[in-house]
Amino acid sequence: AIPVRSSRLPLLSDAMPAPAHLFPLIRNCEISRIGSTACYCHHRHLCCLSSHFAHSHFRYAPQKKFAALYRPKEHFNHFIHTRDYASTPQRFYLTPPQVNSILKANEYSFKVPEFDGKNVSSVLGFDSNQLPANAPIEDRRSAATCLQTRGMLLGVFDGHAGCACAQAVSERLFYYIAVSLLPHETLLEIENAVESGRALLPILQWHKHPNDYFSKEASKLYFNSLRTYWQELIDLNSGETTDVREALINAFKRLDNDISLEAQVGDPNSFLNYLVLRVAFSGATACVAHVDGVDLHIANTGDSRAMLGVQEEDGSWSAVNLSYDHNAQNEHEVERVKMEHPKSEEKSLVKQDRLLGLLMPFRAFGDVKFKWSIELQKRVIESGPDQLNDNEYTKFIPPNYYTPPYLTAEPEVIHHKLRPQDKFLVLATDGLWETMHRQDVARIVGEYLTGVHHQQPIAVGGYKVTLGQMHGLLTERRARISSVFEDQNAATHLIRHAVGNNEFGTVDHERLSKMLSLPEELARMYRDDITIIVVQFNSHVIGAYQNEEL
């Protein structure tokens, strides 16, 4: 069966009986606490400790009558300068060691052997990290080496309405991709091993932080669905070499289909039955990289992003987008959605920059409320466990819901041939991109990896700055440069800047301390979960690959 690391089972714990009119507020990233919840779970995992449905990441448009529940992110400065704020009766600062302890709690690094017995790797290694804002965190991350084919897989997953779907996708998607890439002979060998009860060929070597776990209770169910998939691939064998782009698209779509099917069929085990339903009714976006030699493929579904860090001839850094957000800011994506539905629905498809006026990402795993017919939703909910049937959110039908599905998990795939000047790749959930511009990300990571800092004139952004204040800024910048290596992880260094940067673009310890000490019910109002993977490339190997192709 699929290898597992932990017996702890993740559940979307945010099921809460609440008035139906509250659910359009979800995933807005501005809502505070709405109410408490009871979680049906046999294990006290992090995923099951949530007490607030309000921290879900659905980012729905709020209604005017609930405006009092909201506080925009940009009002954080008011929080900083207000001494008598209700949640902060006294000024409190974390010490630098306490800040570092929080920032480094989830960091992970992996160095890739230059030669793995089959080929020389174009990847030197990667750093990853996560900083929660939701309680529990709804983001996930994964990294693995393909053992039966070439290349590495790395991905970030941004959950909403809880962590259940993101957890399932982070466990399962890489197996679907790896199976999609396998040649026919290897698929037959694996199937024959299962039939005869022999040990299976290992498909993936996982690179995981101890907190990144697998669901032991669901492993058999997940394995059976995966086996059905490779059996169909065997039957459909065309004899042609597998195309990476096609494999990525097929894997994304098939996993989403299996998530939907498992929820419809159910499971005689009541615990598993509740799990598959919670996975299907929650959602997750995904941004995945497949690196094989100089071939880099990015498969993106939703609004997480992939960015390439390029070092120019003068030593400066530039950013190259390798993904596009699937939301209302993407005109092509809006047109795609409109083309898939009758013209009579044109005005109701996208409202307030949200799908059906509710959901910000236009592509996602799960989210069957935007995919199933109303009849199917009602049948599954009515026949499901009481925890699901009593939840107002699952019974809530989106407005103007006439011709589902409105949502797809099909990824947009971009292929890029790596060059010696392509030094690193950043995969990150939208919690990073909401706070930092890609060019700043490229510069900060590039300077961290090389230790070379290209000093730009200090920009004060229209502020009136005295000579003493300017001297302070220059002194702070010098101190920042001398202490840049306090972070041993590039993702941690990036999170430090994302959370602690002030208006002058430098890390302000006071601001960083206050952001990290925000109480649980406030943190999600000012930022989102942040998950980052920084992949460093081997320029010498990439150059050698290029020379071979000439």
Side-chain angles (χ1 to χ4, degrees), residues 1-3 116-119 121 142-155 168-206 218-265 276 286 288-301 363 365 371 405 408-417 549:
I2 298 174
D116 61 7
K118 293 186 294 184
N119 56 283
S121 177
S142 293
T145 300
C146 299
L147 297 178
Q148 301 305 319
T149 56
R150 291 157 41 114
M152 285 191 71
L153 288 164
L154 307 106
V169 174
S170 71
E171 292 182 38
R172 306 176 68 181
L173 181 58
F174 285 9
Y175 281 112
Y176 280 71
I177 295 173
V179 164
S180 300
L181 290 168
L182 290 176
H184 183 253
E185 295 75 15
T186 307
L187 289 172
L188 281 174
E189 188 176 349
I190 293 175
E191 175 60 21
N192 290 335
V194 175
E195 280 289 330
S196 61
R198 291 184 283 112
L200 292 179
L201 289 171
I203 298 175
L204 296 172
Q205 177 189 356
W206 290 95
S219 61
K220 184 177 180 180
L221 171 68
Y222 291 170
F223 178 81
N224 289 337
S225 294
L226 181 66
R227 184 185 181 190
T228 301
Y229 178 43
W230 80 53
Q231 288 173 336
E232 292 180 13
L233 291 176
I234 292 173
D235 294 339
L236 295 171
N237 174 45
S238 62
E240 299 178 359
T241 304
T242 305
D243 175 73
V244 175
R245 180 181 182 276
E246 182 181 353
L248 289 166
I249 293 175
N250 290 342
F252 272 62
K253 293 170 66 176
R254 178 54 182 250
L255 174 56
D256 191 55
N257 183 72
D258 283 353
I259 288 172
S260 174
L261 187 61
E262 289 160 2
Q264 293 177 48
V265 173
V276 296
V288 172
H290 179 267
V291 191
D292 180 11
V294 294
D295 292 305
L296 170 62
H297 287 83
I298 302 295
N300 184 54
T301 290
R363 303 192 195 194
F365 285 91
K371 297 173 181 176
T408 179
E410 180 173 344
E412 186 173 14
V413 179
I414 292 178
H415 174 239
H416 176 80
K417 282 280 187 182
E549 294 178 354

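Any value given below was found using the heavy atoms of this structure, including those in side chains, with hydrogens, waters and symmetry copies removed.
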_To check you understand the geometry: which heavy-atom pair defines the closest contact between A193 and L200, and what is its length?_
CB-CD2, 3.9 Å

*Give the minimum heavy-atom separation between T301 and A409, together with the two atoms involved.*
OG1-O, 2.9 Å

*Using distance alone, with no hydrogens and no angle criterion, decide if T242 and E246 have a side-chain donor and acceptor under 3.5 Å apart.*
no

*Could you tell me which residues satisfy salt bridge (charged side-chain N to carboxylate O under 4.0 Å, His left out) with E232, sequence neighbours excluded, listed by chain and number?*
R254

*Applying salt bridge (charged side-chain N to carboxylate O under 4.0 Å, His left out), which residue pairs with at least one partner in residues 178-193 are found, sequence neighbours left out?*
E191-R227

*Quick one: does N257's side chain have a donor or acceptor within less than 3.5 Å of a partner on K253's backbone?*
no

*Could you walk me through whether L248 and S180 pass the side-chain contact (heavy atoms from CB on, under 4.5 Å) test, one step at a time?*
CA-CA 8 Å; L248 289 166; S180 300; over 6 Å; no

*Between atom CG of L296 and atom NE2 of H415, what is the distance when rounded to the nearest 0.5 Å?*
7.5 Å

*Can you find a pair of side-chain heavy atoms, one from E262 and one from S225, that are under 4.5 Å apart?*
yes

_Inter-residue atom distance L221.CG - D258.CG, 0.5 Å rounding_ = 9.0 Å

_Spacing of H290 atom NE2 and I298 atom CD1 [to the nearest 0.5 Å]_ = 11.0 Å

_Inter-residue atom distance T145.OG1 - R150.CZ, 0.5 Å rounding_ = 13.0 Å

*Are N300 and I414 side-chain neighbours, meaning at least one heavy-atom pair lies under 4.5 Å?*
no

*Going through the distances and angles, do R198 and N192 end up as a side-chain contact (heavy atoms from CB on, under 4.5 Å)?*
CA-CA 8 Å; R198 291 184 283 112; N192 290 335; 3.9 Å; yes

*Test item: V244 and D292 side chains (from C-beta on) under 4.5 Å apart, heavy atoms*: no

_Given F252, W206, Y222, the one that forms ring pair (Phe, Tyr, Trp, His ring centres under 6.0 Å) with F174_ = W206

*Side-chain touch H184/I234, heavy atoms, less than 4.5 angstrom*: yes

*Keeping the roles fixed (side chain from T228, backbone from N224), state whether a donor-acceptor pair exists under 3.5 Å.*
yes

*From D256 CG over to T408 OG1, what is the distance, rounded to the nearest 0.5 angstrom?*
7.0 Å

*Do H297 and V413 come within less than 4.5 Å of each other through their side chains, counting heavy atoms only?*
yes

_Is the ring pair F223/W230 parallel, tilted or perpendicular, if the boundaries are 30 and 60 degrees?_
perpendicular

*asked:* Within the 4.5 Å heavy-atom criterion, are I190 and I203 side-chain neighbours or not?
replied: yes

*Shortest non-hydrogen contact from S170 to S142?*
O-OG, 2.8 Å

